[in-house]
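As structure tokens, the structure follows; a few thoughts come after it.
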4 protein chains.
Amino acid sequence: MELGFIGLGTMGAPMVLNLLKAGHRVRVWNRSTAPLQALAEAGAEAVETPALAAQAEVLISMLGDDTAIRSVFFDAKALDGLRAGSVHVNMSTVSVALAKELAAVHEARGVGYVSAPVLGRVDVAAAGNLNILASGPAEALARVQPLFDVLGRKTWTFGDTAEVACAAKLSANLMIASAIESLAEASTLAGGYGISRGAFIEMITSTLFAVPVYQGYGKLMVDEKFEPAGFKLSLGLKDVRLALEAGEAAQVPLPFASVLKDNLLDGMAHGQADQDWASLSKVSDRRAGVK
Amino acid sequence: MELGFIGLGTMGAPMVLNLLKAGHRVRVWNRSTAPLQALAEAGAEAVETPALAAQAEVLISMLGDDTAIRSVFFDAKALDGLRAGSVHVNMSTVSVALAKELAAVHEARGVGYVSAPVLGRVDVAAAGNLNILASGPAEALARVQPLFDVLGRKTWTFGDTAEVACAAKLSANLMIASAIESLAEASTLAGGYGISRGAFIEMITSTLFAVPVYQGYGKLMVDEKFEPAGFKLSLGLKDVRLALEAGEAAQVPLPFASVLKDNLLDGMAHGQADQDWASLSKVSDRRAGVK
Amino acid sequence: MELGFIGLGTMGAPMVLNLLKAGHRVRVWNRSTAPLQALAEAGAEAVETPALAAQAEVLISMLGDDTAIRSVFFDAKALDGLRAGSVHVNMSTVSVALAKELAAVHEARGVGYVSAPVLGRVDVAAAGNLNILASGPAEALARVQPLFDVLGRKTWTFGDTAEVACAAKLSANLMIASAIESLAEASTLAGGYGISRGAFIEMITSTLFAVPVYQGYGKLMVDEKFEPAGFKLSLGLKDVRLALEAGEAAQVPLPFASVLKDNLLDGMAHGQADQDWASLSKVSDRRAGVK
Amino acid sequence: MELGFIGLGTMGAPMVLNLLKAGHRVRVWNRSTAPLQALAEAGAEAVETPALAAQAEVLISMLGDDTAIRSVFFDAKALDGLRAGSVHVNMSTVSVALAKELAAVHEARGVGYVSAPVLGRVDVAAAGNLNILASGPAEALARVQPLFDVLGRKTWTFGDTAEVACAAKLSANLMIASAIESLAEASTLAGGYGISRGAFIEMITSTLFAVPVYQGYGKLMVDEKFEPAGFKLSLGLKDVRLALEAGEAAQVPLPFASVLKDNLLDGMAHGQADQDWASLSKVSDRRAGVK
């Protein structure tokens, strides 16, 4: 297929490589030019503007947040590159409000808009094993499914409304954040009785919670290795805020999310913005007076 | 070994069977006599009073809560049956305060007191695959290790202070409770966007949270099958209260536990005391106005 | 002075009357024309567009929220009416983000921008007894002080930065919201022991909390007279959200505000959007299973 | 009347003086003997044991907490001094559970038991201006009303069940604690925008919240004068815990109380146990990274 791809960060770049390997032609654009050379060597065609990348059968975008999407699609006019009849698959995690707005804007231009945020980090993206949460018009979904089969191990579809897959993704993120906080609180509690964080976390992640999400964040807490961050606390705060906004729009109280927001702010106020959000364990310890 | 065993509920009974199978002699006592016959047929000796059961090299107790322990050991005088030089292994989940008190009382009588609460439900107990969290005097721990090897797949030791294993167990329970609440909130949030609880929970427990604790409680939420309860909401409230009390004694703020307590009380106030604590999903839905 | 006044709702209309009585000339504009006749009879000059009202020495605006301000000043171009050298006093309660943005936009046009939200409801406004929280350039503040003297009993100044008075106002509103919630929780607790809400609230608002804010909201709770609303729960939610956003921007965790947001959402989800926010007592009762 | 009085702390001592001035005969007992001489000079008769003090028409007790009550009435056998037909007025703030237990124990001895906790601090007690919250058997209440008229400005009665007045008092205390926390959060939020705590608190306690409870705690926050404590943070934690226990017994979720407990524990963990509970402002500031 003739593809465009906007956003070549740690997730986007390996996804493009997989698409190239699968035989697709990919025109790529990125704000910074650093990732371009490696992708060009692998066969991608670097273009000068996001609108040029958007002139494709299917455009995929993988950007950091609402602000980046607005900046590229509205201010830098990527939208103007989209051709009627094409499909834009937005794999970024964005707010439900923006998803709604984008769906309307694309529909007005005759472009199919698909939300397709993913579960999985860099290594999973590189292996083509992402879990893809997708929603959008059925026909558009069907057209891009072969691309999802390249990028992911499974596609979970959530109907034809663009913001629904976003809501699924934000709900999933809320569960990750809650897992981290529960690990932080429980291990601080155990620590109050002289149990080392390492001993508690080894036990709990070898038994009831023997999955990578707990094991990975648990290890970061035990090693106190929060930099460089796999996922920055400031981004965690953004994700929790998006979940709270989605909850507010749907009139759903989310008390765990509220606690998370306050604790993440506590972390921000103590210089942890650029640390991994596993450093919620430091917030928990700090409140308990643990040095 | 010559053993006593007090508390023949859903957990205790299969544990006794495993001990008998391993060749130990076991004198058993239970408040109600219902479980006695089956165990007697398997070779256990039923005795008339808890104090008679306590006259053993090692006494194991597996009771429901602090009140049951106080009732049997103080009021019904099981303590008086314990011989100097013997060991009492309390596998019940009790408060850190009671563990401290019991350790002192036993020490004064020359009896070794071991805390050994477990992770795992009935089927795990029957299979001898419990995870045992143990703390107590090193010598006593060493003496009872062969029994732990019969009852469990692994023993996690937490030093020589009786209440420490209790703290570890309460911390683990807090994580289970938090997992349930996070599943409840996230699926109610997804539901606010038209995603069925079943669709969300299938996705999340097939991907990031593919472990029995999430899968099992998730299934209960989806099926809305809260009775008969695997673990009653009222007992969940008790466990969360014990975690909060442990936190207070160690000066550890536990905001997730605080949310849990309020939500469990909300459930209690709506007739859910005897439902499985997975019915926290009903609290979450009710607050969001979901019928 | 030659004044413009935009926003003639329940607060704005009596404020205009007071300004007229004090001898000022006032050109007024409002989205709906209902309030215009009465004000015209009192001497105000009704104009066709907000930009015409803005052509004055001092423009005062008193609108409902950020959206209304944006709609009038940006979309309906009130901004274009402002003359260099004039002052715009925004007495609406808006977000700190919008206050910042407006200050910059006005400065670029050579217009002094003063934030001046108020404490006090309709009757207080009519009596000219508002408490005015003001911040902005010193010269602009000095110029409008005679107007504040007409409208209020006291002006509390908070320096020269526009958003600071907004932050003060949002902090004050958070205290009001907290007072309501504490009255709701405490009276539901008392109710759990058979004390009628009326008996508890009479006692507490005659003793420790004998001030109108507690007495007024307490009376609404006791009478269960939530409609017509003095201040709608949906607006209360907006105010709490603004406080949370202000907290997030300044990295200040606000756990009471977080609880309030969840409880107000619970109210929204149960059809209380248009009821007075004193109906937080219904949320509290509902969670406790009180009919 | 012939009275006994147990507990001569900062509250009890001036109350005894008022009773003496009103012409009553008072036998007094206190754990430490320090307060005895001054009271003896004023006409009180110091006795050697609490049981001797209890031999009176009416015994009044004013002790610090459940533990002190249990120690004096059960361990030190004050109960044994009470004569059938007499009345015991317990003006201490105790748990609803203890009030229930004491009511039963007294009834079995033919002694009327009245709960009568008070609102007001030392100076209010000295002036005989306490607000007395009372519940108990109607006949007993009637008999002690003349004493309440000496000690207080008003008696608020809550029926014939002993624990109900306790619940009223704990609910009132929850409102005080909430007022402090809301003042702390709001002033930290204002501080995030450069408003000094003094400026914000002066404004808010001169306008909406112009009552001693806000003014007094506000002044402590502004002056950062937390020692010697008027009311220690550790006692505040005890009161909030009692409210939470009362809530749990009546199945009433209390999310503000839950936040308070976590924040008070945060204070405890940072060495604030003996500081005034107005130092909740330090918790709020600390979480926001304010030095």
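Each chain gets a letter, A, B and so on, in the order the sequences are listed, and its residues count up from 1.
Both the backbone and the side chain of D/V164 come within contact range of chain C, judged by heavy atoms closer than 4.5 Å. Both the backbone and the side chain of C/L208 come within contact range of chain D, with heavy atoms under 4.5 Å apart. Only the backbone of D/A210 has a heavy atom closer than 4.5 Å to any heavy atom of chain C. Neither the backbone nor the side chain of D/N173 has a heavy atom closer than 4.5 Å to any heavy atom of chain C. Residue D/V290: no heavy atom, backbone or side chain, is found under 4.5 Å from chain C.
A pairwise comparison of heavy atoms in D/I195 and C/A168 identifies CD1-CB, 3.7 Å as the closest pair. Summarising the geometry of C/S182 relative to D/S178, their closest heavy-atom pair is CB-CB, 3.5 Å, with the distance given to 0.1 Å. The nearest pair of heavy atoms linking D/N263 to C/P255 is ND2-CG, 4.1 Å. Heavy-atom minimum distance, C/A172 versus D/I204: CB-CD1, 3.5 Å. Shortest non-hydrogen contact noted between C/M175 and D/A186 is CG-CB, 3.5 Å.
By the neighbour-count criterion of 12 heavy atoms within 6.0 Å, atom CD of D/Q145 is densely surrounded, having more than that number from other residues, nucleotides or ligands. No more than 12 heavy-atom neighbours from other residues, nucleotides or ligands sit within 6.0 angstrom of CD on C/E107. For D/K238, the NZ atom is densely surrounded, since the number of other residues' heavy atoms within 6.0 Å is greater than 12. Summarising the local packing, NZ of D/K232 is surrounded by 12 or fewer heavy atoms from other residues, nucleotides or ligands at distances under 6.0 Å.
With hydrogens and angles ignored, the 3.5 Å screen pairs no side-chain donor or acceptor of C/Y214 with any backbone N or O of D/F209. In this structure a side-chain-to-backbone donor-acceptor pair under 3.5 Å is present from D/E185 to C/F256. The backbone N or O of C/A246 sits less than 3.5 Å from a side-chain atom of D/Y193, completing a donor-acceptor pair.
The greatest number of non-hydrogen atom pairs below 4.5 Å with chain C, out of D/V259, D/V213, D/T161, is found for D/V259. Counting heavy-atom pairs under 4.5 Å between each of D/L183, D/L254, D/L174 and chain C puts D/L254 at the top. Top candidate by heavy-atom pairs under 4.5 Å with chain C, chosen from D/D262, D/V252, D/D285, is D/V252.
The CZ atom of C/R153 sits 7.5 Å away from atom OG1 of D/T207, with the distance rounded to the nearest 0.5 Å. Here the CZ atom belonging to C/R287 is positioned 13.0 Å from the CD atom belonging to D/Q251, to the nearest 0.5 angstrom.
Along residues 117-133 of chain C, the residues that come nearer than 4.5 angstrom to chain D, judged on non-hydrogen atoms, are C/L119, C/N131, C/L133 in order of number.
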